[in-house]
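Since the structure comes first, as C-alpha cells, the remarks are kept for the end.
Every value quoted in this text rests on a predicted model; they were computed, and no experiment measured them. Counting convention: from 1, in listed order, for ligands and their atoms alike. Heavy atoms only: backbone and side chains are in, while hydrogens, waters and symmetry mates are out.
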Amino acid sequence: MNSLLQLDVKYVKGIGPKKAELLAAELGIRSAADLLRHFPNSYIDHSKSYSVCELSGDMPYARIHGKFVALNVVGEGAKMRLTATFTDGRRGMEIIWFRRIKQIREQIRLGQEYVLFGKPTRYGPMWQMVHPEIDIPDSVGAQEGFRGVYPLTERLRNRGIVSRNFFIWAQSVLSSHTVSDPMPQSVIRNFGLMPLEQALKEIHMPSSADMLEKAKYRLKFDELYYIQLDIVKRSRERHFSTEGYRFLRIADWFNNFYNRCLPFPLTDAQKRVVKEIRADVNTGRQMNRLVQGDVGCGKTIVALMAMLMAIDNGFQACLMAPTEILATQHFESLSALTAPIGLNIELLTGSTRTARRKQIHESLRNGSLHILIGTHALIEDTVEFANLGLAVIDEQHRFGVAQRAKMWRKNNLPPHILVMTATPIPRTLAMTVYGDLDVSVIDQLPPGRKPVTTLLRYDNQRQGTYKAVYNQLRMGRQAYIVYPLIDENEKLDLRSLQEGFEIIKQTFPDYQVAMVHGRMKPDEKDHQMQLFISGEARILVATTVIEVGVNVPNASVMIIENAERFGLSQLHQLRGRVGRGAEQSYCVLMTKHQIAAETRKRLEVMTATTDGFVIAEADMKLRGPGDIEGTMQSGMPFDLHIASLASDGQILQLARMAAESVIDADPQLCSPLHRDMVFYMTRIAGRNADWSKIS
Ligand code: ADP
Ligand code: MG
C-alpha cells in the first residue's frame, strides 16, 4: 500500500496530468492509494439487460444492448443538444446529451454494438435516456455483475468523468500492482480481517454481496484503526511525558465543605467521578479529563470538589465559562455554597471594572485568592496566578483549541485540566474526537427530578398552548419562549423574535416579559437576564443564547417556536433549562401545521425520550456526525471515507482494542515489523491536529 501512496495518480493508465489535476482539486485524490480509497457509495447490478419493451418508469437504471441508427444536433447556443436514436433491434428509443456534444458525436459509430446504461424515462410514446454510460460489449467497463456508483462532483461530470472511469482506473491499478498490507499479521488474524488486496478488489468489483460485506468491514476497520493508533500513541506519550502537580492531601477545605456545606448527598455517579479525578491528580502526571454529563446532572459541584483538592494542597483553581451570564451564575452559586467555610472566590469578566480588576490581579499574584471564575478573560496574559493547580473549563465546545492550550502555560508545570461538557456526545464520537482525553461520564440525574413532559403542537393549537402557559404563570412559575436564530446576522430572524415579543406581551398583559438575543449589548442582555433570574419578569423571550447553562429552577415551561429548524441535540440543550426544580415541567415544540413526515419523526424522538445520549445518537443517525460536531464548533480532524461514527461504533471499539494491543507490545512503534504501518498511519492520520494538546 505504501508504494501506492507514493505513486502519483497521473501515471495510472487513462488518467494523465490533466485529469490528475482535476481529481486532486475536486476529490483530493493525489496518489494511486487515494484513488483506491475513493470507494463507491452504492452498487448497481449490471448482470441483467432489458429490451426497450421491458422498460418501466420506476426503474432507477437499466442496461440495454443495441445500435445507434441516427445522430442529430438540435438547437443552438445554450439550448444545443445531441439526440440519437438507439434500437435494440425491435424497438427504438431516444438518447439525449446536453454536454460534451462534440466529443460524444465524434466517438459514436452508427451501426456498432453498444451497451447503454442509464435511467429510462418516458416521453409520450417514446422512451428516453439522458447522458447514459456507453460501453462496447465485452470491454472492461461493460463487465457484468455489481458495479459501484462513485461519489462525483458536478465539475467532474461536466468533464465527462463518470462512475465507470473510477471502476476502470481502480481495476487497472489493482491488476498491475500488488498491494502490500501494512496491518500487523496479529491484528489480521485476531480480528478475522480479509486481506487488504482482496478487500480493495471486492469493494471496487464485488464478486458477491457476502464478500462485499467482508471487504467493507475490513476497510472500515482499517480507517478507524489507523486513527485510533495515532490517538492511543499520542495519549500514552502525553501520560508519560507531561509531568503534573501532585495533590497528595485531602484536608480541611475539602472535608469541611463535604461535612458542613454539601446541600445534598452526591449521586453515585458524581461520587465515582470525584474519585476518578482524585486518582488522576495524585499520579505526578498532568490530568486531562473530560467530564461528560447530561444537562442538570450536577457537574458544577464535582468541579468544585476538584478545586478544593487543589486548594488543600496550596494551589489555586480557576473556572472558565463561555458566557458572562454563565460565569456570573457559577460565581454566585459557588460563593453561596462555600459561604460557611469562607473560601476566597472572585469573578473576572470583560465588564469587570479596572480598579476591581487590579485588586483581583493582586490577590491572584499574592496567592490570597483561592478560586477565580470568569470568561475567556481568564486566559489573557495579564492574568497571572501565584500557583495555579487546576483549570476547569465549562461547556468546552464553546472554546477553541488554541484558547484551551493557553491554560497550559499559566504555571511552571501545566495545571491539571478538567473539561466539562453537557453536549451529549455519543461514545463512539467521544472516543474519536476526544480519544486522548480521559473521559468520565455522570450518567445519573439527582433523585426526585421529574422528566420534562414534551409535546408537539401545531400553529393552530397555539391558543390552547398559551392557556396552559397562563395556568403555570398563575401558579407562580416562569416560562421561556424560544425563537430560532440560525444566523446571528439575519434580520429576518430578529424580526420574528421582535414580533413574537409583542404578541407575548399582548397575550400575557399581567406579567412582565423580558427579552434576550445575541445582538444585544452585553449590559442590556445581562439586565434582561437578571430580570428573569430574579423572578421580576415571568416570561423570557429569547433566542438560543439561553442554550447553555442558565439555571432558573422556577421556570417550568418552555415553548420552542419553529422547532423544526433546530437540531435534536440543540433542542435537548434548550429543554434542559426547564425541569430543574421539583415541579413537573413542560416543553412544547411548536411547528407549522404542514411538516414533512421525516421532520415529525425527528421531533418525536424528543417527545419519546429525555435521555441525552439516545437523542445524540438519533441526531447523528439522522444528520450525520458533521452536524453534531458543528455544534461543538471544532473541526473533525480527519475524513472518514467509509466508516460511519453513527453506525460503526462496534468496529470502532474493536479497532481501538487492536490499536491498544499493538501499542502495548511496542509502545514507541519502533519495531521494524511496524515500519510500514507507522508510515501508513502518519499519512492517513497525519492530517490530525495535535489532539494531545486539546486542553
Ligand atoms: P450541570 O451538570 O448541567 O452543570 P448543575 O451543576 O448546574 O448541572 O446542577 C444542576 C442542579 O442540580 C443545581 O441546582 C444543583 O445544585 C443540583 N444538584 C447537583 N447535584 C445534586 C445532587 N446530588 N442532588 C440534588 N441536587 C443536585
Ligand atoms: Mg453546567
Side-chain angles (χ1 to χ4, degrees), residues 257-259 261-277 289-308 318-340 371 373-375 391-399 418-425 439-452 478 480 529 533 535 545-556 558 569-583 585 587 610-613 615-616 632:
F257 174 78
Y258 199 85
N259 297 327
C261 312
L262 199 62
F264 35 67
L266 295 181
T267 62
D268 289 343
Q270 284 171 318
K271 282 186 199 160
R272 191 186 64 234
V273 174
V274 170
K275 275 193 196 132
E276 285 167 356
I277 294 169
R289 186 168 282 278
L290 177 77
V291 174
Q292 200 182 82
D294 215 341
V295 280
C297 72
K299 293 184 288 293
T300 317
I301 202 117
V302 170
L304 175 61
M305 297 181 67
M307 293 194 272
L308 293 171
C318 68
L319 168 58
M320 184 158 78
T323 65
E324 197 151 339
I325 293 170
L326 256 187
T328 309
Q329 262 190 8
H330 277 317
F331 172 70
E332 281 164 3
S333 68
L334 293 191
S335 299
L337 267 173
T338 58
I371 296 179
I373 297 176
T375 53
V392 181
I393 302 174
D394 196 15
E395 311 292 355
Q396 70 86 33
H397 58 283
R398 303 272 161 146
F399 290 103
L418 194 63
V419 174
M420 303 198 292
T421 178
T423 304
I425 306 164
V439 179
S440 290
V441 184
I442 305 182
D443 49 5
Q444 192 179 19
L445 290 180
R449 293 270 172 82
K450 294 193 184 72
V452 179
Q478 290 167 273
Y480 292 101
M529 209 56 223
I533 292 170
V545 291
I546 59 159
E547 188 186 331
V548 173
V550 174
N551 191 21
V552 180
N554 189 45
S556 62
M558 173 175 285
S569 292
Q570 204 179 10
L571 288 174
H572 180 67
Q573 291 286 308
L574 286 167
R575 179 170 63 180
R577 300 308 109 212
V578 292
R580 307 201 133 221
E583 314 305 328
S585 297
C587 175
T610 53
D611 183 330
F613 284 99
I615 289 167
M632 302 196 305

Practice prompt. State, with a plain yes or no, whether a side-chain heavy atom of Thr338 is found less than 4.5 Å away from one of Ile371.
Written response: no

Practice prompt. Please identify which atoms of ligand 1 are closer than 4.0 Å to at least one heavy atom of Asn551.
Written response: 14 (O)

Worksheet item: At a 4.0 Å threshold, what atoms of ligand 1 neighbour a non-hydrogen atom of Arg580?
Response: 3 (O), 7 (O)

Discussion item. For the 3.5 Å polar cut-off, considering only N or O atoms, please tell me whether Gly296 and ligand 1 meet it.
Written reply: yes

Worksheet item: How would you list, by chain and number, every residue that makes a salt bridge (Lys or Arg N to Asp or Glu O under 4.0 Å) with Glu583, sequence neighbours excluded?
Response: Arg477

Practice prompt. With the side chain counted from C-beta on, respond yes when Leu334 and Met307 share a heavy-atom pair under 4.5 Å apart, and no when they do not.
Written response: yes

Worksheet item: Mind checking whether Gly293 has a heavy atom under 4.0 Å from ligand 1?
Response: no

Worksheet entry | Atoms in ligand 1 with a heavy atom of Arg449 nearer than 4.0 Å | 10 (C), 11 (C), 12 (O), 17 (C)

Practice prompt. Please answer whether the main-chain N or O of Tyr480 pairs with a side-chain N or O of Arg577 as donor and acceptor at a distance below 3.5 Å.
Written response: no

Practice prompt. Ignoring angles and geometry beyond distance, decide whether Leu266 reaches within less than 3.5 Å of ligand 1 through its nitrogen or oxygen atoms.
Written response: no

Worksheet item: Which of the atoms in ligand 1, numbered in the order shown and given with their element, are less than 4.0 Å from a heavy-atom of Thr300?
Response: 4 (O), 5 (P), 6 (O), 7 (O)

Worksheet item: Side chains of Leu445 and Thr267: closer than 4.5 Å at any heavy-atom pair?
Response: no

Discussion item. Any non-hydrogen side-chain atom of Met420 less than 4.5 Å from a side-chain atom of Val302?
Written reply: no

Worksheet item: Is the shortest N/O to N/O distance between Gly298 and ligand 1 below 3.5 Å?
Response: yes

Discussion item. At less than 4.0 angstrom from any non-hydrogen atom of Lys299, what atoms of ligand 1 do you find?
Written reply: 1 (P), 2 (O), 3 (O), 4 (O), 6 (O), 8 (O)

Worksheet entry | Check: Ile277 and Met305 side chains under 4.5 Å, non-hydrogen atoms | no

Fill in: Subset of ligand 1 atoms that lie under 4.0 Å from at least one heavy atom of Thr267
23 (N)

Fill in: Which segment of Pro553 sits under 4.0 Å of ligand 1 when only heavy atoms are counted
neither

Discussion item. Tell me whether ligand 1 is touched by Gly576 - counting only heavy atoms on the residue side and a distance under 4.0 Å.
Written reply: no

Worksheet item: In this structure, which one of Pro446, Pro447, Pro451 forms a side-chain contact (heavy atoms from CB on, under 4.5 Å) with Arg449?
Response: Pro446

